[in-house]
**Student:** 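Have a look at this one.
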Amino acid sequence: MRKLVRGQWDAWLDRRIPARSRVTLTQKRIFILPTWMGMGYLLTTFLLFVAGVNYDNSMILNFSFFLGSLFVVSILQTFSNVSGMVISAGHTEPAFCGSEAKFVIHLEKSRKKEHHSIFCSWCGYQSKAYNLIQEQQVALVTLLPTQQRGRYRPGRFKLHSIYPFGLCQAWTWVDLDMFALVYPRPIECELNTTSRSDGEEGSHVVMEGQDDFAGLRAFNPSDSLKTVDWKAFARRNVLYTKQFQGYQAKSAWLRWNEIAVGDVERRLSGLCYWVLQFSKTNEPYGLELPGVTINPGVGKQHEENCLTALAEYRHG
C-alpha cells in the first residue's frame, strides 16, 4: 500500500513539476503548511478565542484575532521568500563506488526581492542556510553517497524555508535531471603477465621522438629554428627541418578474460585498479571489454575514457 501511494505521489509530482535543468519557483511549484511550532501557535490562538468568547472578554478576543492575522501574514511572507527563485543544475564530479559524488546546484535570486534561510535536503544530505541578499547567485554543493556503479541519478531534492517566523514551511521538490558517473570500486587483484608491458624498448616507431636522426623534410613556419639544418641551408640555400624518431615501450592490454575472478563486478573493480596503476606510471595501456575496445594510450583523458567504459559497462 505504501509503495502504491508513493508511486502515485511521484507520478503526480512528475506531471506538476517535470524534470528539467532550470526551474523557476512559482505558485504551482511551491507547497506550504504549518510547522509544529505553527500548529502549537494555532492551537494557542484557538484556545484564546474560546476563552474570550466564554468570558465575554473583548481584549482576549482582539488578541486572538491579532494572532490569527499574524499567522496569515506569516503564510504570505514564507511563500514570498521562496517564490521567484531560480534553481539550475551545475556540474557533477564522478566518484568511485562507496565514496561520495559531488553535485553542484545554483540558486539565483529574483530581480525584485531577497531570499533568506534556504535549506536543501537530498538523499540524507542536509545543507546549511543559504541567503540570497547581495549575491545574485550562490552555488550549493552537495556530497551524496554512492552504492552502485553506473550513472547515479539521485532524483528529486527538497528545497525549503521557514523564514521569517518559523510558523510555516514552504518547500518544493525539484528534479534537475542530474547524474554523476560512479566508477567501480578499485580492488587489487592479479593480472595475467602476458597482458603487462615488460618495460623494454618496443618496435613501434614514434616519429616525434628524440632518439635517432630520421632524415630531413621541408621547413614549416611553425617549426622551431633549433631543428633547422643550417649546413644544408648553406649548401642549397633552402631551409630543411631535421626529423628524429623514437621507440615506444610495448603497450599493456587490460583484457576482460585475464582478470582471475568470476564475478562481473569484481572483474570491473580489478580492471579499475589496474587502470589507476598504469596511469600512475604513465605506461601506455589499452582496455578490452566484451563489445568495447579502447586503444592503448596515456594521459588523464585516456584514464577517464577507460573508467567511463568500466562504469557504463552492461553485462549481458
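Small disclaimer: the values here were computed from a predicted structure and weren't measured.
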**Student:** Do E288 and T293 pair up side chain to side chain, a donor and an acceptor below 3.5 Å, judged on atom types alone?
**Tutor:**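 No, no side-chain donor-acceptor pair sits under 3.5 Å.
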**Student:** May I ask you to say whether R153 pairs ionically with D175, meaning some side-chain N is under 4.0 Å from a carboxylate O?
**Tutor:**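 Answer for the salt bridge query: no.
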**Student:** Going by heavy atoms in the side chains, are T92 and F179 under 4.5 Å from each other?
**Tutor:**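 No, every pair of side-chain atoms sits at 4.5 Å or beyond.
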**Student:** Looking only at side chains, do S121 and H160 share a donor and an acceptor under 3.5 Å apart?
**Tutor:**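 Indeed, the side chains of S121 and H160 share at least one donor-acceptor pair under 3.5 Å.
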**Student:** Run the salt-bridge test on E303 and K280 with the 4.0 Å N-O cut-off and return the result as yes or no.
**Tutor:**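 Result for this pair is no, no salt bridge flagged.
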**Student:** Within a radius of less than 6.0 Å around CH2 of W12, do more than 12 heavy atoms belonging to other residues, nucleotides or ligands occur?
**Tutor:**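 Result for CH2/W12: enclosed.
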**Student:** Taking CD in Q147 as the centre, count heavy atoms belonging to other residues, nucleotides or ligands within less than 6.0 Å. Is the count above 12?
**Tutor:**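 No.
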**Student:** Tell me whether the count of non-hydrogen atoms from other residues, nucleotides or ligands lying under 6.0 Å of CG in D56 goes above 12.
**Tutor:**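 No - once you tally the heavy atoms of other residues, nucleotides and ligands closer than 6.0 Å, there are 12 at most.
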**Student:** Using ring pair (Phe, Tyr, Trp, His ring centres under 6.0 Å), reason through F31 and W173 one step at a time and then give a plain yes or no.
**Tutor:** CA-CA 9 Å; F31 310 95; W173 289 99; 8.6 Å; no
**Student:** Does the side chain of Q301 pick up a donor-acceptor pair with the side chain of N305 at under 3.5 Å?
**Tutor:**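 N305 and Q301 do have a side-chain donor-acceptor pair below 3.5 Å.
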**Student:** If you draw the axis of the six-membered ring of F96, does the NZ or CZ of R185 fall within 45° of it and under 6.0 Å from the ring centre?
**Tutor:**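 Verdict for F96: no cation-pi partner in R185.
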**Student:** When you compare the side chains of S279 and H302, does any donor N or O come within less than 3.5 Å of an acceptor on the partner?
**Tutor:**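 Judged by distance alone, the side chains do not pair up.
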**Student:** Might you confirm whether atom CD1 of I162 has over 12 heavy atoms from other residues, nucleotides or ligands at distances under 6.0 Å?
**Tutor:**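 No - once you tally the heavy atoms of other residues, nucleotides and ligands closer than 6.0 Å, there are 12 at most.
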**Student:** Hey, is K109 close enough to E114 for a salt bridge, meaning N to O under 4.0 Å?
**Tutor:**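 Here K109 does not pair with E114 in a salt bridge, since their nearest N and O are not under 4.0 Å apart.
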**Student:** Just by distance, no angles: are the side chains of D177 and S21 close enough, under 3.5 Å, to form a donor-acceptor pair?
**Tutor:**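 On atom types as modelled, these side chains do not qualify, holding no pair under 3.5 Å.
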